[in-house]
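Report on one structure; see the data block that follows.
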Amino acid sequence: MTILVIAEHTNAALVPATLNTVAAAAKIGGDIHVLVAGQNAGDVAEAAAKIAGVSKVLVADNAAYAHQLPENVAPLVATLAQEAGGKGYSHILAAATSNGKNILPRIAAQLDVDQISEIIAVESADTFKRPIYAGNAIATVQSSAAVKVITVRSTGFDPVAAEGGSAAVEAVGGAVDAGKSAFVGEELAKSDRPELTAAKIVVSGGRGMQNGDNFKHLYALADKLGAAVGASRAAVDAGFVPNDMQVGQTGKIVAPQLYIAVGISGAIQHLAGMKDSKVIVAINKDEEAPIFQVADYGLVADLFEAVPELTSTL
Amino acid sequence: MHDLELSEEQRMIRDMARDFARREIAPKAQSWEKAGWIDDTLVTQMGELGLLGMVVPEEWGGSYIDYVAYALAVEEISAGDGATGALMSIHNSVGCGPILRYGSQKQKERWLPSLASGQAIGCFCLTEPHAGSEAHNLRTRAELKDGHWVLNGAKQFVSNGRRAQLSIVFAVTDPELGKKGLSAFLVPTDNPGFVVDRSEHKMGIKASDTCAVTLNDCVIPEANLLGERGKGLAIALSNLEGGRIGIAAQALGIARAAFEAALGYARERIQFGKPIIEHQSVANMLADMHTQLNATRLLVLHAARLKSAGLPCLSEASQAKLFASEMAERVCSHAVQIHGGYGYLEDYPVEKYYRDARITQIYEGSSEIQRLLIARELAHYDL
Amino acid sequence: MKVLVPIKRVVDYNVKVRVKADNSGVDLANVKMSMNPFCEIAVEEAVRLKEKGVATEIVAVTVGPAAAQEQLRTALALGADRAILVEANEELNSLAVAKLLKAVVYKEQPQLVILGKQAIDSDNNQTGQMLAALCGYAQGTFASKVEVSGDKVRVAREIDGGSQTVELSLPAIVTTDLRLNEPRYASLPNIMKAKKKPLETVTPDALGVSTASTVKTLKVEAPAARSAGIKVKSVAELVEKLKNEAKVI
C-alpha cells in the first residue's frame, strides 16, 4: 500500500496540518509519499522530505499550481494516481483545510470514487470514523473504493515529528493550466487575531456580554492570548457582533487547544461548534448553565470582573 | 404535531412564521419588553411578509388564504413573543377586519392596501373606563356639525394605540336609540383632537403599546363614518370569531413556547443524579402540558376551518379562546414550576410567558363573557 | 442566463438529533425537515442575481424522496421559477448526487450552478466540487461574494485566515458559505404563487445514472460524552490550571 498525502503549504512554508495528515497516513500504514504542488516551493519540498515517516516527496513546481487552483491541481493528482499503474496509490489524503476541502472532492470525482470527509480516527486501512450532524453523531464508514480519497481533520491526529525523515525528492511534471480559472487576489484577515477555525485559542462571548461594546473585554483577552474571538448564536442574533463570528452548528466549527466561553449558556447548537476543543473553560455567573457540563474548568463569576482580571494576570 | 389536514401552503406559512419568529423575534423579545416597544423594522418586515394582511384578500393588497393559515401564523409569532402576537392579531382582526366588511369603496381604497401591507397599523377604540364587557354603554359622543363629525370622550385599553396610523372609534350618535344609537368612525391618529394620553404599564405583553386615548373636539369629515349610522354595535361585534381565533392562537403560541422551554430544561437539568424529565412528577407535568396544547390546537383549527368555510362558529371560536387562554395560564405555570427557582428569574423566559399569557383570559372578551356566550348558544343544542 | 440551484432536504437546524439505539443511524422519525441552511443561501444568491437582471431563469433541483417536494416548493416561494425532483428514496453519496446533477446540467445547460457548500446532516462538503469535476467546469467554493460579468464570474472565497478571489469562466459551479448573504423569508403572496409554478419529477434511471456506492456506514454512535470538569474558585487558580495542568497557555 502506498499513500499519497497532498501537502498543505504557502509555497514558502509547509502548513502544520500536513503533519497531522501524515499522522493519519501512518495509522493507515504503508509507504507515505507527499505531493508538493506549488510554485517556487523548494523550501516546502525540503521540509516535507524531513517529515518523519515520509519515504518520497513528489514536487510539481509550476505557475499553474501557485495558488492551488483545483482545476489545475486535481488533474495532476488524478494523473499521478493513475500513472502509478499496477501499484497505484491505495489512499489519497489531504488536510480538511479550506484548500483540502476545495481540491480533494474534485480529485475523487475525476477518479470516479466516493470521498470520505474529515476523518477523526483510523480503524483500519479501509474503515474510518467521521463526525456527522455537526458532531452530534460519529459514523464509522468502510470504503471498498480502489483508491480511498480522504480528508483528515487535524484535531483527530497528533502531528508526526517535522524532523527526522530523509525522503527522496522527485520532480513530477506535465503541468497543464486548464484555463478555466484564474487567481485574482488574496486578502488575509487584517486583524492580528487569527482566523476562528485556525486559531489555537478561541475566546467566545454569548448573550451574557449584554451588548457589542462589551466585547472589548474579550478582544483585550484575545490579544493577550493570540486568540481568535467568536460568539454564540444568541450574541449574533441579538446584534452584538457580526454573524461571521458565530461558533456553532450553522456557524464555524472550531476545535482549538483552548476554548474560553464567556457568558455563554451552552445551547446545544453552540456546543456542536466547539465541543471538540481540547480544553474548555467556561466563565458564567449562572452556575447551572449547561456550558459547565462540558467545561474542563468552570469559573462561576461575573464576567465583567473575571475577564479583565484574567487579562491582567496573563 | 403532524396535521394531515394542513395543505402545503398552510404548512409553508407555519414553517416560515416559525423560522421568522425564532430568528427575528424570540432573541429580541426581552429587550423589546424592557423598551416597551416592538422594533419598527420588525413590524415593517412582518408587513412585507404579508403577516399583517392575513384577513384581507389579494384584491385589496392583502394575503388572505384562510383562517387556518392565520391561526397557525399567529401561534408561531406569539411563540416568539406574546406582545408581537398581540400586535399582529389585533391589527388583523379589528384593525383591518371592520373596514374590509363595512368600509365604502373609497374607504377601502384609502386604507386597506396600506393596512394590509403593514405600512399603516390599525387600532380599535371601543372600551371606555366604565364600559368594558358592557361594550354598548359608551359615553363618547359624535355630533354632526357643518358636514363634520365632532368626537368627544375617553377611550381605554387601546392596543397599538401609539403605533397606529388609523383608529376605528366607536361613539354615540343618537343617545335616544340606546344600543342602536352607536356608530363607528375612521379617525387617522394624527387628526387634531385625537390624543394618546399614556402607555399603560402592564403585567405582561409589555412591548405592546396599550394606551388611553382622549377625543377632544376631534373633527373628522362626515365621510369618515364607517358603515351606516347606528350600526356601531353590530360593527364592533361583527368579527368576534376572527378576533377570538386570533387570541386563542396567541395563547396557544405563548403556552407552546413555555412548554418547549420547560421540556428543554427538564432534559438538561440534573437532580438526584438524573435529568429531571426522568422524574415521574416532572414527566407527568410535561405529558399533561403537551396533551393540553394539542387539544387546544384542535379546537383553534376547528373554529378556524368553520370560519374559513363561512359557517357559523361563534360558540366554537369562544370555546377555543376560553380553553386556550385558561390552558395557557396552567401550562405556563407548570413551565415555571419545572424551572424551579430559575423559572422565577428574568434570566429564563418562562416568567415572561407566564405574565404574557394572563391577558388572553381578559381581552377580546373575558373568560366570563365567553362562558356567557357559549351557554347562550346552548339554547340551540339539540338533545 | 440560466441558474441551476441544487438543494437538499435535511433535518431542521434546530433539531437535536439522537442516535438510534441499534446504532444504525440517527432517529429521523417525526423530526422536522427543512431546506439545508447553505442551500437557502444558494437560492437567495440566485434570486438576487435575477433581481439584478443577471439571471433570467432559476431552476431549483433536488435529489431526494417525494417529500423533498416541500423544500422545492420553498425554493419556488423564495423566487425560483421552476423545480425538478430527482426522486431517490435511499440516501445517496455525494458522487452519486453529483452524477445525477451532471445529467440535469446537461439537460438544462445552465451558465451558473449555485449550491450549498455542505449539508448539515452528512457534513460532506463534496457535491459542488464533484459536479464541477464531472462537468469539467471551474469551481468557486465557499463563496462570500459572487459577481458575474460577461462570460466570467468573480468569486470571493472564504479560506483559512482570510479571503481569496478567483475568476472563473462560465459555465461554472459556485458553492455558498455563510457570509454570502442573509436569506429572505418567503412572503405569503409568494408562497401562494409557488403553488402554481411547475415542478417536474424524474428518476435516476431516466437520467441514465447508476447510484452505486463504494462507501457503507457500519455504525453511528453518539459522541463520547465529555465528563464534567472541575470548578475553579478564582481567576488565579484558573490560570494556574491552564498553565500547569492543561498546558495550553
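Here is how names work: the chains are called A, B, and so on, in the same order as the sequence lines, proteins then strands, and each is numbered from 1.
When heavy atoms are compared at a cutoff of 4.5 Å, A/A301 does not approach chain C at all. C/V239 touches chain A through its side chain: at least one heavy atom from C-beta onward sits under 4.5 Å away, while N, CA, C and O do not. Of the two parts of C/V11, only the side chain, counted from C-beta on, holds a non-hydrogen atom closer than 4.5 Å to a non-hydrogen atom of chain A. Using a 4.5 Å cut-off between heavy atoms, A/A145 touches chain C through backbone and side chain atoms alike. Within the 4.5 angstrom heavy-atom criterion, atoms from both the backbone and the side chain of C/L218 approach chain A. Residue C/K152: no heavy atom, backbone or side chain, is found under 4.5 Å from chain A. For C/T175, no part lies under 4.5 angstrom from a heavy atom of chain A. Using a 4.5 Å cut-off between heavy atoms, C/R18 makes no contact with chain A at all. Of the two parts of A/L314, only the side chain, counted from C-beta on, holds a non-hydrogen atom closer than 4.5 Å to a non-hydrogen atom of chain C. For chain C, the nearby parts of A/D112 are the backbone and the side chain; heavy atoms of each come within less than 4.5 Å. Contacts of A/T127 with chain C are made by side-chain atoms alone, with heavy-atom separations under 4.5 Å and no backbone atom involved. Contacts of A/L104 with chain C are absent, with no heavy-atom separation under 4.5 Å from either backbone or side chain. There is no contact between C/A98 and chain A, counting heavy-atom distances below 4.5 Å. Proximity to chain C is limited to the side chain of A/K129, based on heavy atoms less than 4.5 angstrom apart. Heavy atoms closer than 4.5 Å to chain C are found in the side chain of A/V281, but not in its backbone. Residue A/T197 touches chain C through its side chain alone, counting heavy-atom pairs closer than 4.5 Å. When heavy atoms are compared at a cutoff of 4.5 Å, C/V26 approaches chain A solely by way of its side chain, counted from C-beta outward. For chain A, the nearby parts of C/I159 are the backbone and the side chain; heavy atoms of each come within less than 4.5 Å.
Most heavy-atom pairs under 4.5 Å with chain C, from the set A/I283, A/V307, A/V113, A/V300: that is A/V113. Among C/T127, C/V235, C/V220, C/V248, the residue with the largest count of heavy-atom pairs under 4.5 Å with chain A is C/V235. Among the candidates C/V17, C/V10, C/V19, C/L170, the residue making the largest number of heavy-atom pairs closer than 4.5 Å to chain A is C/V17. Most heavy-atom pairs under 4.5 Å with chain A: of the set C/K216, C/K243, C/K233, this distinction falls to C/K216. Of all the listed residues (A/P70, A/S181, A/G298, A/A139), the one sharing the greatest number of non-hydrogen pairs under 4.5 Å with chain C is A/G298. Between chain C and the residues A/I132, A/V141, A/I201, A/I138, the most heavy-atom pairs under 4.5 angstrom are made by A/I138. Contact tally against chain A (heavy-atom pairs below 4.5 Å) for C/E158, C/Q118, C/R154: the top residue is C/R154. Heavy-atom pairs under 4.5 Å with chain A peak, among C/K117, C/Q164, C/E245, at C/Q164. In terms of heavy-atom pairs under 4.5 Å with chain C, the best-connected choice from A/Q257, A/Q110, A/K101 is A/K101. If you tally non-hydrogen atom pairs under 4.5 Å between each of A/E287, A/H67, A/E71 and chain C, the highest count goes to A/E71.
Taking each heavy atom of C/L78 and C/A186 in turn, the nearest pair found is CD2-N, 3.6 Å. Considering all non-hydrogen atoms of both residues, A/A227 and A/V203 come closest at CB-CG2, 4.0 Å. Nearest heavy atom pair, residue A/Q68 against residue A/I103, reads O-CD1, 3.6 Å. The minimum heavy-atom distance between A/G179 and A/N72, with the atom names listed, is N-OD1, 4.4 Å. Listed here is the closest heavy atom pair of C/N125 and A/P105: O-CG, 3.7 Å. Of all the heavy atoms in C/K102 and C/C135, the pair that sits closest is CG-SG, 3.9 Å.
With no hydrogens or angles considered, no side-chain donor-acceptor pair links C/E147 and C/S149 at under 3.5 Å. Side-chain atoms of A/T97 and A/N99 form no donor-acceptor pair, as typed in the model, at a separation below 3.5 Å.
Inter-residue side-chain proximity for A/K180 and C/Y137 is flagged as unmet; no heavy-atom pair is nearer than 4.5 Å. Between C/E237 and C/K241, some side-chain heavy-atom pair lies under the 4.5 Å cut-off.
Below 30°, between 30° and 60°, or above 60°: for A/H270 and A/Y259 the angle between ring planes is between 30° and 60°, a tilted geometry.
Listed for the C/D123 side chain is a donor-acceptor partner under 3.5 Å among the backbone atoms of A/A134. Judged by distance alone, the side chain of C/D160 and the main-chain N or O of A/S98 form a donor-acceptor pair under 3.5 Å. Between the A/D296 side chain and the A/I280 main chain, a donor and an acceptor come within less than 3.5 Å of each other.
A 6.0 Å sphere centred on NZ of C/K2 holds more than 12 heavy atoms belonging to other residues, nucleotides or ligands.
With C/T176 as the partner, the side-chain contact (heavy atoms from CB on, under 4.5 Å) test is satisfied by one option alone out of C/T141, C/V146, C/I114, C/L115: C/I114.
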